[in-house]
Amino acid sequence: MNTTGSTASTPILEVSEVSKSFPASKDVFGRVVARLQAVVEASLTINPGETLGLVGESGSGKSTLGRLVMRLTDVDAGRIVLDGDDITESNGPELRAARRKMQIVFQDPQSSLDPNWLVRDIIAEPLRAYGVSRADRLSATERLLADVGLEHAHGSRYASEFSGGQRQRVAIARALALEPNLVVCDEPVSALDVSTQAQVLSLLEALRDRRNLAYLFIAHDLAVVHHISHRIAVMYLGRIVEVGPADDVYNRPRHPYTEALLSAMPNPKPASRRQRILLTGEMPSPVDPPPGCRFQTRCAHAMDLCRRVEPELVAYGDVEVACHLHDTGPELAGASVTEISRGRSAGSAAPAS
Amino acid sequence: MLRLAARRLLKVIPLLLLVSFISFGLLNLVPGDPAVQIAGEFATEEQIEDIRAGLGLDRPWPVRYASWLGDAVRGDFGVSLFSKVSVATQIWDRLPATLSLIGLSLAISALIGVPAGTFAGWREGTVLDRFLTMGTTVGVAVPVFVAAPVLILIFGIKLDWLPATGYVPITANPIDWARSLMLPAIALALTGAAEIARQTRAGVIDVKKQDFVRTAHANGLATWQVLGKHTLKNAMIPVITVIGLQIGRLFGLSVLIEQIFNIPGLGSRLIAAVFENDVPFIQGTVLILGTVIVLVNAAVDISYGYFNPRVRAAA
Amino acid sequence: MTIADHDMSSTAVESATTESRRARFLRRFRRQGWAIGALVFLVIVAISAIFAPWVAPHDPLSQSLTDSFAGPGSEYWLGADRLGRDTLSRLIFGARYSLLAAAQAVLVATVLGVPIGVIAGLARGKIDAVASLVADAVLSIPAIVLALAIIGVLRPNLTNAMIAIGIVYAPRLFRVVRSAAISVREETYIDAARASGVGMLTIARTHVIPNVLSPLLVQISLALGFAVLAEAGISFLGLGVQPPDASWGVILGQGTVKLEEQPLLILFPGAAILLTVLAFNVLGDGLNDSLGREIRRE
Amino acid sequence: MSSHASSAVDPVLQIEDLAVEFITEHGWLTVVDGVSFEVGRGETVGLIGESGCGKSVTAMAVLGLIEQRSGRVSRGCIRLDGRDLLALDSREMREIRGRKVAMVFQEPMTSIDPAFTVGNQMVEVLRRHLPMSRSQARQRSVELLDRVGITDPHRRIDSFPHELSGGMRQRVLIAMALSCEPDLLIADEPTTALDVTVQAQVLDLLAGLQAEMGMAVLLVTHDLGVVSETCERVIVMYAGEIVETASTDELFARPLHPYTAAMLASLPGLHPDEPLDPIPGIVPPRHALPPGCWFEPRCEHAIELCGSGHPTLVAVGGRSARCLRADDLRLPGVGS
C-alpha cells in the first residue's frame, strides 16, 4: 500500500506551478472586477502505476485542478507534462493523442452518462472517436463490461436504469476503453452509499493492479483517499499545503490544516479517535483570500509572520509542507504538528479524550 | 436594487436600437422599387417621385436610417402616405383607447388567473383542480375572434346588457367608458387569465415541493403562512414573467379586438394601414409598440428583485 | 415534499426493467388519454383535408341562393351560408388551407430557429449574445403586429402571411432549443465525451441534438396550434387567404358579418379552430409528460 | 415486537409497528415495515442505514409529513409524550410541529426560504408557537443566533439566506428548530451536505445544545462515524425494516447482524492495510423482496434456512437483531 508504484521511470504526469482563476463578479457594464482564484501555483507529480490522492474541502480547487490536468479547462499559467510531452497548450490532434493516455471518471454518475445512450455505446464512444472498427469495438466493449463486473445483458440497457454504483462502473469502463496510463478520478465514490463505495473502491484497486494504472484520485474523504493512495496531497483555498506518502500524511500531519481535517473526520473506531481540533469559522472566499498564509484565519498556531508572508512548499524528507511552523518559529522542521497541538491543549488543561 | 435597475436598463439600449432597425428595415422588404410598389398601379410618375423623396429613398440606407431614427427619437415618424397626416399624431390620438383596453383586460386576467391558479396548485389532483385545469387548457386555445363574436351575441345583442361595439373616451364619461370596454376587455382577458392561471398553478406546485416549504411545515406554521407567505411569493416569479409576456400578447390581440368591436385604437388603424400599404404608419406603430414592450419587460425584470433577493444580489 | 422520492430513488432505479426509450415513451403516452384523443382528432382532420374532394358532401364553392342561411339538416349537415354554400364542405376544404398554412409557418420557424438555437447554445459567447439579442428584439414586437407589418409591406397573400408568422415564431423555438442545448452542455457527459477525444461537431450530433429533440417536439406541437390560430386571425381580418378560397378564418370572418341572422356560421368554424388548437396544445402537453426525464417521476 | 434495546426508561417518542406505503408504478409498496422503537428523554438515538432503507421516511412520519396522495402511514402508532400523533387532525399536528418536535434537514442550502430574511422566518416560528410580541421575538432570535455560534447576530438576522454559507444556514435552521425548546429534535442527515471541518462544528454544536436543553435527539444518518461519535443507542435499518438495535459501543464492538458487520467491513480507514470487503450485490427492489431474510442474497453467512422464513427481530441480551444466526455467529466489529 505504501510502496510507491515505481520510482525510476519518467513520471506519467508532471504539473508545475499551474494557476487558474475565473471571473467572479462584474460591474454594471459587465466588466470583470473580481476573480476567483481556484488554483494557485499547484505542482504535483505522479509516477506510472502510482495513485496520488488529492484531498480538500469544497472550494479548495481540487476538482478544478483535475479538469486542468485533463485539459477540459485551459490553464492561466504553469505547465502540464503528460508522459514527457508538454500538453499545456496542445489542441486538436495533439490533444487527441494525449487523451488516449489519460481519462477521467466524474463524481456524479447520474449526469456523466447520456440518458439517451445504451451502456454499450457509452463505453464504445471513446473507441469510435479514435476510429476503432465496429467489430473491434464490440469485442472491446464486452471485455470492458466484464472487467468492471457488469454482465453482457447490461450493455443493452440505458444508464438511467442503473443504480449509482453500476453507473460508476459504466463510467470506469468508458474511461478504460482507450487503455490510458493515467485516470483522473474526480470524487468517484462520494455520491455512493457505504457498501457501494467499497465495491467501487475495490474495483478501482483491482484495475490499477491489473493494468498498472496511475490515478489522480480526488476526494474530500481522507479515509477513502488514505485507503487507495500511495501519496496524498492536501489542498486548501487553491494551494497545495502538504504532500507526502499516504501513511505519513495520515498519521503524522505536518500542516495544521491537515491535522484539523483528520481530527474532524468522524471515526467509528473509538481507540483511534483523534483529539478533535475544532476549526473556527469557515474557509474564506477564494475571491478574496487572506494575506500571508491562506490558512492563518483559522489556524490555532498562527504567528505574526503567517499573516504577512505566504509560506512556500518545503521538502522535509519525503514530505513537502507549506507552513511557517517548519521553517521558523518553533522550528518543527518536518515533524508532526500534533506535537505542539498536544502541548497546547495540555497547557490549557483541556481534557484529552 | 438600484444596481439591478441600472444594469437592466443598460441592456435596453441595444435592444431598442435593434427594434428600431427592424422597424426601419420593413421598408426594405418591399419587393422591387418601394416607391413604385407603394404608389400602386395607377400612380403617376410625379406621385412616385413624391413618395421616393418622402421616404428619402434617394439616399444610401445608413444615412436614411440615421435621419429616420433621429426624427423618431424626437417624436417624428413622418406622415401617412395618402392622408399626409402626421403618423405621430395618429398614434397619440389612438393610443389611449388601446392602453385602456389592455390595462383593463390585464387587470381582469390577473384577478381571475392568480387566485384560480393558486387554488388549483395548492389542491393539486382534486376534482376542483382538474376542473380548473381543464378550463384553462380550453381557455388558452379559445381564439379571441371566436370569443368576441360570441360575447357580443350573448351580452350585447341577446341580453343587451352592454354595448356591443363602439368606444367612449374616459374624458367623455367614465361609466360609459368602462361599459364600452367591458366586453372587449373580457374577450381579450380570457386567454390571459387561463395562461396566468396555468403558470400560477405550475409555480405553486413547484414551490410546494421545495425544501423550504417542508421546513415551514416542519416548524408547524399555519397553512395560510405556508401558502400565503412562503409559497406565493416564490411562485410569483414565473407568474410575473408570464404577465410580462402577456402584455406583448395583448397588444397583438388588441388589433383583432379593436377591429371586431370597432374601437378607434392603434390596432384598427394598423389594419387600415396594412390595406393601404401605409409604410410610415406601420413603421411608427412597430417602433412604438416594440419600445413599450421592451420597457415593460425591463420593468418586469427589475421587479424580480423584489420577489427574489438573489437576483438583487447577482446584479 | 421530496423525501419520498429521495429515499426511494435508488431502489426505484434498480427496479426498472429493461425497456427501450421508445417503449417507455409509448407506455407513458398510452396513459395520456386526452393526448391520444387529440392525436386521433388531428389525424382525422388531416385525412379529411387531404381527401377533401372525396370526403366533402358538396362542392364548397357551389352556390344555391335558395338555401341561403339554411339550418343544419339532412342536406346540409352543418347548414349553409348566405350564398347557400355547404358549411361542412367549406370547413373540410378550409382545413387544407389552415393546416397547410400552419405547417408552412412552423417549417419556416424551425428552419430559422433550431439551427441557430443549437449553435448559440453550444458556442455561447458572442454568437449567442448577438443571436439572443436579435431574438429578444423580434420577441419585443407583438407577433400579430409584426406579422401584419410584414404583410402590409409584402402585400396580403397567404404565403407571405405564413412566412411572417414563421419569422415571428422562430425566436420562440430558438429560445427553447438554445436553453435545452445549454442545459445539455452543462451535463458531465459532454465533458466525458470531450475527455474521450470526441470532437465538438460529433458531440453536437450525438449528444446535444437527441437531447434537444424532446423539448423541440413539444414546442412544434404548440407552434402548430399557434400557427393555426395566427392564420385564422389574419384570414379573419381578410389579410390571408383571399375569397372565394376559404380557410377557417375566412369562413369565420364571413360568419361574423351576419352574426345576428345565423350564429351557427361562427359556431362551426370557431369550434373547428378551437378544437384544432386545443388538440395541438393537449398533444404538446402529453408529449411533454411522456418525454420528460425519467429520473424525476416513476 | 418491542425489545429491550429499543425501549427507553422515560420515552419521549414511542413508535410501534409503523408501516408506511408509497404509490409507485408497481402499486402501493411498503417502504417502512413494522418499525418499533423508543427515544428516551434527553437521549440521542441514531437511525442508520443506506439510501432507500426507509430511515428518512420514518422521520417524516413522526412529523406527519408523509404526503397525502403519494404516501400514507398504513399501520402502527406514533406517540409523543404519550399522545397518539396519528390520531391528531392536521391543525393539532401543526401546533405540535416546531413546538414539541422539530426537525433539521439535510440540505441547508435549500431549506430556508430565499425570499425572506433569516430574522423574518425565525420571528414567524417563534410567534406562531409562543405568545411573544414582534420585538420580543426578534430579541429572542438574536439570542438564538448567538447561541448557535453565528457571529454578529444583530447584523446577520437581517441577512437573506443566500448571503450565508452552508454551515451558517444549517446553524440558522438549528436555531429555528430549537427556538421553542422542543422535547424531541429529529436531525435528518444534518451534516451530510457540509464539509468535514464544518460538520465537526455542527455536530459539536448539536451536542452542546442537547446537553443544555435536555431534549431528545433522533439522528438519521448513513454515516457510521457520525453515529459512533454522537449517539448512545443505534437502530440499523435495511430495506425498510429494523435489522439490529444496540447501544453504540456494543454495536461497533460486536455487531449481531451480518449487515451491520458488513457495513463496518466496507469502511475504508478502519483497517487501512487490508483490502476492503464490500457487500456484494444491491439492495433488493421493494416489489421483489426475497422470500426469506431480505439480506440473505448478499449475506456471506447465510444458511439454507435463511432463504425460506423471514426472521423476526429477537432480543439478544439487552439488544436485538433480525437474524436467525444472531446467537451463534461471532461477527467482527471495529475492535477497540
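No experiment lies behind these values; they were computed from the predicted model shown.
- When all heavy atoms are compared, the tightest approach of Pro142(C) to Gly248(B) is CB-O, 3.4 Å.
- Using a 4.5 Å cut-off between heavy atoms, Leu253(B) contacts chain C through both its backbone and its side chain.
- Enclosure of atom CZ in Phe275(B) by more than 12 non-hydrogen atoms of other residues, nucleotides or ligands within 6.0 angstrom is indicated.
- Comparing Ile266(C), Ile234(C), Ile273(C), Leu239(C) by heavy-atom pairs within less than 4.5 Å of chain B, the highest count is held by Leu239(C).
- Interface residue Val142(B): backbone and side-chain heavy atoms are both found under 4.5 Å from chain C.
- For a residue to count as touching a neighbouring chain, one of its non-hydrogen atoms must lie under 4.5 Å from one of that chain's; by this rule Val134(C) touches chain B with backbone and side chain alike.
- Side-chain contact between Leu256(B) and Ile144(C) is present, with at least one heavy-atom pair separated by less than 4.5 Å.
- At a 4.5 Å heavy-atom cutoff, the contact between Leu278(C) and chain B is made by backbone and side-chain atoms alike.
- Neither the backbone nor the side chain of Ala147(C) comes within less than 4.5 Å of any heavy atom in chain B.
- Contact count against chain C (heavy-atom pairs under 4.5 Å) is highest for Leu26(B) among Val255(B), Val138(B), Leu26(B).
- The most heavy-atom pairs under 4.5 Å with chain B, out of Asp136(C), Asn281(C), Leu237(C), come from Leu237(C).
- Side-chain contact check for Thr137(B) versus Trp34(C): every heavy-atom pair is 4.5 Å or farther apart.
- Proximity to chain C (any heavy atom under 4.5 Å) is restricted, for Ile271(B), to the side chain, taken from C-beta onward.
- Heavy atoms closer than 4.5 Å to chain B are found nowhere in Ala143(C), neither backbone nor side chain.
- Residues Val277(C) and Pro143(B) have side chains not in contact (no heavy-atom distance under 4.5 Å, counting atoms from C-beta outward).
- If you take CD1 on Ile151(C) and CG on Asn277(B), they are separated by 12.0 Å, rounding to the nearest 0.5 Å.
- Within the model, atoms CD1 of Ile22(B) and OG of Ser140(C) stand 8.0 Å from one another, a figure rounded to the nearest 0.5 Å.
- Annotation: maximal heavy-atom pairing with chain C below 4.5 Å, among Ile260(B), Val274(B), Thr285(B), Val140(B), occurs at Val274(B).
- Interatomic distance, Ile141(C) CD1 to Phe251(B) CZ, rounded to the nearest 0.5 Å: 13.0 Å.
- Looking at Leu289(B), both its backbone and its side chain come within 4.5 Å of chain C, counting heavy atoms on both sides.
- Annotation: Ile154(B), atom CD1; neighbour count of heavy atoms from other residues, nucleotides and ligands within 6.0 Å is above 12.
- Using a 4.5 Å cut-off between heavy atoms, Val150(B) contacts chain C through both its backbone and its side chain.
- Across Ala137(C), Ala271(C), Ala232(C), the residue that shares the most heavy-atom pairs under 4.5 angstrom with chain B is Ala137(C).
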